[in-house]
Amino acid sequence: MSKLSILIVEDEAIIAYDLAGKVRQLGYDVAGTTALGEEAIELVRLHRPALVLMDVQLAGAMDGIAAAIQINRECHLPILFLTANADLGTDERALRAGAVGIIKKPFDKRDVRIQIEKALRQNATEKSGSL
Amino acid sequence: MKIKNKLRINAAVSLLIAFGIAVVLFLSIDRLYKANESTIIGSEIITSAFERVSLRNDYIRNNSGRAKDQWFAKNEQIGNLLRSAPQYFQGSEERNLIGGMIVNQESYGEIFSAIVANRERSGMNPGLAAILLEAEERLVNQLDMRAYVIAIQGRALIESSRKTRASALRLAGGSLLFGFLALFVAGVINLGSLRRIITDRIKCLRDGAAVIGAGDLDHRIQITGDDEFVELSEAFNAMSAKLSALYHDLKVEIEDRKLAEAALRQSREDLDRAQEVGQIGSWRLDIRKNVLTWSDENYRIFGVEIGTPLTYESFMGAVHPDDRQYVDTQWQAGLRGEPYDIEHRLVVGGQVKWVREKAYLELDGAGIVLGGFGITQDLTQQKQAEEQIRASLMEKEAMLREIHHRVKNNLQVISSLVSLQADTLTDDRIREEFNTVCDRIRSMAMIHEKLYQTENLARLNFAEYAASLLQYLWNVYDVLAEKVRLNLELSPVALSIEKAIPCGLILNELASNVLKHAFPHNSGGEVTVGLDYDTITGTAHLRVSDNGVGLPAGQDWRQSISLGLRLVEILAGQLCGTVETGTGPGTEFRITFSLKEPQS
């Protein structure tokens, strides 16, 4: 059975690298890492990951919420947002864009594990329910 | 002496003189009348003498009885006349003359009677006729002599009357002349007296009145004596003294009023300047007279030329179209007695202005509005300043939120670096220590997160933070924490970032310590975290206790090699606080620190 893949969308390279390591340590494949929302959409189209870890603030013109809306429009994927913002407005915007959870920065491996497992479990439940 | 008495004396003197003149005139006329009467008597006597001569002759020649009778009648008449004559003659000489004439008259009558008797006897005895005729001739001669004497006496009487009349005329003329002279002298004296007692004093009064009328109210009229002019002058002087006092009082009052008016004008100018500087206009409304007045500043605020007649409609014309309904509604409510204190916009010269309107309306007993006073405060600059401050504040808040965001992001980078470094290690114990560092970073980041969520971005509710941190720890230590019951006894305590970060790190150390060491072999238990604030002493108390295994017996925690406990002591020192431990069972740490800011 192949591993589930996770796409990492994060403009901070060290954080993206750390996340990739944590994802692999948790037993998942990394479908790719990118700092751009537009590229994230392309990677989703290309790899169809099981989950997307999406930072709210990205390097390009498109922020994480806009990218998530586009991804959800094309293919329904669980998206976990990463954010250093603490305002409730950002949380609400993320949830309206289809977020299944929000990981607050700074996070550690335990945060990431709990949130990823919760999101995948929830997604699996929704799929089985829809079947 | 009173003027009336003086005038009475003058009049009495004049009357007395006139009376004297009248008496003299009366006496003179009386004398003239008597002289005239005596002349008539004299003439009558002479005429009668000649008439009786004629009647005697007629009697003698014609023996006429009628002539005899007429003679006797005439003689009787003259006798009576002479007997009544003394009343018209007052001189002794004339009276003697009259007396003589009476005697002569009587003799005259006796002689004629003798003639008559003689003639009647001759008829009886013709021998005697010659004797009787002779006697008769002698008697006639005597009678003629008597008639002559009577004529002489009548003439003397007429002459005396003439003298008497001349004397009376002289007396009358002299008396009239003297009387008129006396009247003239009395008139001159009266005129002088009148001039002295009336004209001169009236002139004195008139001159004094002119001086006082010219403004010299201190002038006094000097008239001596005891008459009405003195009383009048004293009354006049009293009146001028009173006028002087009134004038002085009036002058003082006018001066006071002028000063008050000047002060009022100054105050008005100050008010106008103050209104101009403060950009606060004022207005006054008299509903009964339907008069609305504005201060100059009010005109300026509304952009209306000063002095322009005002109406409610012209006022509403300046109000921003979107605010007119609101303003009208509030004004109508104000007329019903509700407070009128509103802010609205104006459109002045195409520019939007903000004003505050506040009115103090006056109501009568029936609640009817009589008028009122109000102010118009130009808030445009204030609103603009507020808008700038709000924009600046929002900008600063956005910047601060961005800083918090960047701090958290950087803490994430640090946490990732620590984590990546940990991943390079093979020793699980050491790797766990690295994870502990990440927890500490996380506890600091959560401070920023909570601050980010507060309104003032400077103080946070530590109870809320503590709950979130403990919830996070209980999540990430899931296996270790699943049998550990967490009791929260947290009171809201607001801490600044300077207090919150060390306090958060202390809580993180103590709670992590409990989860790692208090309940070995996943034995489970209870942890209680308390927070309260003593308002009297101004101190906060953080308490973490558990019913676990407790600290090793006989070991002083301050001598522990555990970095976590050393950090607790260091951070408590940073808070200027104290650390106390319980006696067990289990472990209890009590951190006490002051929330008062240190005096600079």
Side-chain angles (χ1 to χ4, degrees), chain A residues 6 8-28 30 33 35 53-59 63-65 80-94 101-119 121, chain B residues 397-398 400-424 431-432 434-455 457 460 464-465 468-469 471-481 512 515:
Chain A
I6 294 175
I8 296 168
V9 187
E10 168 63 60
D11 62 337
E12 197 68 56
I14 292 173
I15 298 171
Y17 182 69
D18 178 37
L19 266 176
K22 287 181 169 58
V23 165
R24 289 192 188 94
Q25 286 172 11
L26 290 171
Y28 304 103
V30 175
T33 58
L53 288 173
M54 177 78 80
D55 191 10
V56 173
Q57 288 190 347
L58 297 176
D63 69 357
I65 290 174
L80 268 176
F81 274 99
L82 305 163
T83 179
N85 283 328
D87 63 307
L88 299 176
T90 302
D91 290 2
E92 287 177 10
R93 286 172 60 217
I102 297 170
I103 300 173
K104 299 284 187 181
K105 292 179 180 177
F107 50 80
D108 65 6
K109 192 165 74 176
R110 291 163 295 189
D111 288 327
V112 176
R113 176 177 59 78
I114 292 168
Q115 292 282 1
I116 288 174
E117 288 176 355
K118 181 182 168 186
R121 195 163 50 243
Chain B
E397 284 182 0
L400 202 54
R401 289 181 200 282
E402 179 62 22
I403 288 169
H404 281 299
H405 172 253
R406 288 181 185 276
V407 167
K408 282 182 71 182
N409 220 38
N410 289 340
L411 287 172
Q412 177 61 61
V413 171
I414 294 167
S415 180
S416 292
L417 287 170
V418 172
S419 179
L420 288 168
Q421 189 66 50
D423 289 343
T424 64
R431 202 158 49 222
E432 189 57 33
F434 274 73
N435 287 334
T436 304
V437 172
C438 288
D439 287 344
R440 289 167 182 151
I441 293 169
R442 171 78 186 188
S443 71
M444 291 175 64
M446 284 184 73
I447 296 285
H448 287 276
E449 184 173 325
K450 291 299 176 189
L451 281 172
Y452 182 94
Q453 291 172 348
T454 60
E455 286 188 1
L457 301 170
L460 58 82
E464 198 176 296
Y465 163 81
S468 297
L469 177 66
Q471 188 62 47
Y472 169 78
L473 291 176
W474 254 249
N475 282 337
V476 297
Y477 285 92
D478 56 340
V479 176
L480 289 174
S512 301
L515 291 173

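Values in this document were obtained by computation on a predicted structure and should not be read as measured data. Each chain gets a letter, A, B and so on, in the order the sequences are listed, and its residues count up from 1. Keep in mind that the numbers below use all heavy atoms, side chains included, and drop hydrogens, waters and symmetry copies.
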Can we say A:Arg110 and B:Asp439 salt-bridge, meaning some charged N sits less than 4.0 Å from an Asp/Glu carboxylate O?
yes

One thing to verify: whether A:Asp55 and A:Lys105 come together as a salt bridge, which I'm taking to mean a side-chain N less than 4.0 angstrom from a carboxylate O.
yes

Between the side chains of B:Gln412 and B:Ser416, does any donor sit under 3.5 Å from an acceptor?
yes

Given the options B:Val407, B:Asp423, B:Val418, B:Ile414, which has more heavy-atom pairs under 4.5 Å with chain A than any of the others?
B:Asp423

What part of A:Ile15 gets closer than 4.5 Å to chain B, counting heavy atoms only: side chain, backbone, both or neither?
both

Below 4.5 Å, heavy-atom pairs only: which of A:Lys109, A:Gln25, A:Glu12 has the largest tally toward chain B?
A:Gln25

How close do A:Ile103 and A:Leu53 get, heavy atom to heavy atom, and via which atoms?
CD1-CD2, 4.1 Å

